[in-house]
Structure formats: structure tokens, C-alpha cells
Amino acid sequence: MARALAEAEAAARRGEVPVGAVVTGPDGEILAADGNRVEELADPTAHAEILVLRAAARRLGTPRLPGCDLYVTLEPCPMCAYALALARIRRLYFGAADPKTGAVEHGPRLFASPVCHHRPEVYGGIAEQAAGELLRAFFRARR
């Protein structure tokens, strides 16, 4: 999660919402790490989770990432949560909960839905205070 927090800090310095993500392989090796790049790429889908899933899949040469884990500083939104299911991520570790747009423990609770074909193990609240403070500081500076 330390690397995901560093990616979130880098995203904030770029003017992006400070969310960072990391995909690790079955052996714990970091396969991909990045932060949000929505503004930079003018792409509404350039969330940190999507970017690292794409990079890890390219690196492994497969669209599915069984045995891989994802660390992200914020509870994934519906788009990212479903992408995790499609990628068959083994475990999701996230920092701050997102009552407004989260889709794992809030909102649609995607992994609890009967239409969700893959459910990763989920561990929330990892480095929650640090992740939450990054987000609060970012939005406080914008208001």
C-alpha cells in the first residue's frame, strides 16, 4: 500500500484526484503501479485501477490476472470494481472507504451482486487515514 500511496501523491502533484494503485503477481512482485491520469489523458476511464490492470495484463500477455492482487488507496467505483471482477483479481486491498461513489462496501456493492461472476477477497481500511488525508487535502485546496 505504501507504493499505492506514493502513486496517489504523484497524481496529486499532476493535478489529478490522488488515487494510486498497484497490481502484484502471485509471487508479490509489482507488475504495475500508477495513479489517476483522467485529466492528463483527457480520458474519463483513466482511473488508477484501470491503468494498472491494463499494464499488468499487457505485461503478462493475458486479459485475466488470477493470482494477482490489487492495492488501491480508495474504494473502487462501479467501473473499476467490475474491471477487477473481469480481470479475476484474487484480492483487493483498499485504503479509504468511498460512501459517495464506492461500489464495494457502498452503493451497488458489486461483489455481493448475483450477476457478478467473480468475487475477489476484499480487505478495506488499509492505510485508511493516510489515503483519506491525501484526498481531503486535495479537495480542501480546490475549494
Side-chain angles (χ1 to χ4, degrees), residues 1-12 14-26 28 30-143:
M1 188 58 84
R3 177 67 185 273
L5 285 166
E7 295 293 341
E9 290 168 358
R14 293 190 303 271
E16 301 281 354
V17 173
V19 176
V22 174
V23 171
T24 59
I30 292 177
L31 299 175
D34 210 341
N36 277 357
R37 294 183 182 274
V38 171
E39 302 300 327
E40 175 186 338
L41 300 175
D43 178 355
T45 70
H47 291 195
E49 301 97 318
I50 299 297
L51 296 173
V52 297
L53 289 174
R54 288 175 180 163
R58 274 192 308 272
R59 182 166 173 186
L60 297 177
T62 177
R64 284 166 289 289
L65 304 169
C68 294
D69 300 334
L70 186 130
Y71 296 79
V72 63
T73 58
L74 182 65
E75 178 182 355
C77 72
M79 173 184 70
C80 293
Y82 204 73
L84 298 176
L86 292 172
R88 293 178 181 74
I89 287 292
R90 175 178 58 183
R91 293 184 196 109
L92 164 64
Y93 300 92
F94 71 86
D98 188 354
K100 202 181 261 188
T101 61
V104 176
E105 292 183 348
H106 297 89
R109 299 176 192 250
L110 184 77
F111 301 137
S113 170
V115 299
C116 186
H117 69 282
H118 174 78
R119 293 163 182 84
E121 295 175 32
V122 176
Y123 303 92
I126 312 297
E128 181 175 18
Q129 188 168 349
E133 184 48 40
L134 270 173
L135 288 157
R136 284 188 294 278
F138 177 83
F139 287 112
R140 199 169 33 245
R142 300 254 173 309
R143 292 188 175 109

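Positions are given from 1, in the same order as the sequence printed here.
When every heavy atom of A55 is checked against every heavy atom of A32, the shortest pair comes out as CB-CB, 3.6 Å. Counting all heavy atoms, side chain and backbone alike, Y82 lies closest to V115 at OH-O, 4.2 Å. The shortest non-hydrogen separation linking M1 to A127 is CG-CB, 3.8 Å. For the residue pair C77 and A103, the shortest heavy atom distance occurs at C-CB, 3.6 Å. Residues G20 and A8 share a closest heavy-atom pair of N-CB, 3.5 Å. The two residues P76 and A81 have their closest heavy-atom pair at CB-N, 3.9 Å.
You'll find the side chain of V19 reaches within 4.5 Å of the side chain of V72, heavy atoms only. With contacts defined as side-chain heavy-atom distances shorter than 4.5 Å, the pair I50/C80 qualifies. At a threshold of 4.5 Å between non-hydrogen side-chain atoms, the residues F138 and L134 do not count as touching. Considering only heavy atoms from C-beta on, L65 comes within 4.5 Å of L53 through its side chain.
Between the N36 side chain and the A11 main chain, no donor and acceptor come within less than 3.5 Å of each other. Not a single donor-acceptor pair under 3.5 Å links the side chain of E49 to the backbone N or O of L84. Here the side chain of D34 pairs no donor or acceptor atom with the backbone of V52 at under 3.5 angstrom. Between the side chain of E7 and the backbone N or O of V22, no donor-acceptor pair lies under 3.5 Å. Between the E75 side chain and the H106 main chain, a donor and an acceptor come within less than 3.5 Å of each other.
Of the inter-residue distances, the one linking R59 atom CZ with I30 atom CD1 reads 9.5 Å to the nearest 0.5 angstrom. Here T73 contributes atom OG1 and R3 contributes atom CZ; the two are 13.5 Å apart, rounded to the nearest 0.5 Å. Atoms CG and CG, from D69 and L92 in turn, are 9.5 Å apart once rounded to the nearest 0.5 Å.
With I126 as the fixed residue, the side chain to side chain contact (heavy atoms under 4.5 Å, CB included) test singles out one of Y93, F94, Y71: Y93.
When the side-chain contact (heavy atoms from CB on, under 4.5 Å) test is applied to R136, the partners found at least two apart in sequence or on another chain are E133, R140. Annotation: side chain to side chain donor-acceptor pair (under 3.5 Å) contacts of T101 (sequence neighbours excluded): D98. With sequence neighbours left out, the side-chain contact (heavy atoms from CB on, under 4.5 Å) criterion links R88 to R64, H117, H118.
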Before you tell me yes or no, could you show the steps for R14 and R37 under side chain to side chain contact (heavy atoms under 4.5 Å, CB included), namely the whole-Å CA-CA distance, both residues' side-chain angles and the distance that decides it to 0.1 Å?
CA-CA 8 Å; R14 293 190 303 271; R37 294 183 182 274; 3.4 Å; yes
I would like to know whether R54 and T45 meet side chain to side chain contact (heavy atoms under 4.5 Å, CB included); could you show each step before the answer?
CA-CA 11 Å; R54 288 175 180 163; T45 70; 3.6 Å; yes
